[in-house]
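Worksheet for the structure shown next.
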Amino acid sequence: MTLYTVMPPELLWSGMWNEGEETREIKMNGLLMQVRPVNENEAVIVRLLECPLEAYLNPANMPGSIVPLSGNPGPT
């Protein structure tokens with residue numbers, strides 16, 4: 001990949017390898033997803049990790065959607 005830019009590389013790539021906020025993996029409705037807890041009862045979907053292809057078409061599984069954490073086990 002070639003990038004043509006006037007920005008210095010340090011500024012362009014800063015934060016590229018930083019870990020984001022704390023995330024967890026949960027299995028809900030047969031879907032393994034990575035979520036970021038918002039509070040002790042809810043989390044935001046970061047991405048789907050293991051699921052059937054049609055699950056990506058469901059707006060409820062979209063990254064940024066809020067899902068309940070109640071009844072889900074801790075990190076796997």
Side-chain angles (χ1 to χ4, degrees):
M1 172 173 70
T2 304
L3 291 175
Y4 296 99
T5 179
V6 294
M7 293 176 62
E10 299 82 28
L11 183 60
L12 185 65
W13 299 110
S14 67
M16 178 71 174
W17 292 275
N18 289 351
E19 290 293 325
E21 298 176 19
E22 177 188 337
T23 60
R24 293 175 32 184
E25 292 180 8
I26 63 169
K27 192 158 195 135
M28 178 183 292
N29 301 327
L31 308 175
L32 181 63
M33 57 180 74
Q34 183 180 30
V35 297
R36 185 179 62 249
V38 176
N39 55 45
E40 48 178 77
N41 299 323
E42 296 179 320
V44 175
I45 297 175
V46 175
R47 63 183 173 157
L48 300 179
L49 298 173
E50 188 176 298
C51 63
L53 292 177
E54 61 270 6
Y56 289 97
L57 299 175
N58 185 346
N61 301 329
M62 184 171 59
S65 298
I66 304 289
V67 293
L69 284 177
S70 59
N72 289 313
T76 56

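The shown structure was predicted, so the numbers you read here are calculated from the model rather than taken from an experiment. When reading the values below, keep in mind they use all heavy atoms of this one structure, side chains included, and skip hydrogens, waters and symmetry mates.
In the hydrophobic cluster analysis, where Ile, Leu, Val, Met, Phe, Trp and Tyr join through side-chain heavy atoms closer than 4.5 angstrom, Y56 is grouped together with V35. Two different hydrophobic clusters hold V46 and I26 under the rule that ILVMFWY side chains link at heavy-atom gaps under 4.5 Å.
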Discussion item. side-chain contact (heavy atoms from CB on, under 4.5 Å), that's the test. Do L32 and E25 meet it? Break it down for me.
Written reply: CA-CA 7 Å; L32 181 63; E25 292 180 8; 4.3 Å; yes

Worksheet item: Going through the distances and angles, do V44 and I66 end up as a side-chain contact (heavy atoms from CB on, under 4.5 Å)?
Response: CA-CA 5 Å; V44 175; I66 304 289; 3.5 Å; yes

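Between the CD atom in Q34 and the CG atom in L48 there is a gap of 10.5 Å [rounded to 0.5 Å]. Atom NZ of K27 sits about 10.0 Å away from atom CE of M33, to the nearest 0.5 Å.
By the neighbour-count criterion of 12 heavy atoms within 6.0 Å, atom CG of N58 is densely surrounded, having more than that number from other residues, nucleotides or ligands.
Using a 4.5 Å heavy-atom cutoff, the side chains of L31 and P52 are in contact. Between P68 and M28 there is a side-chain heavy-atom pair separated by less than 4.5 Å.
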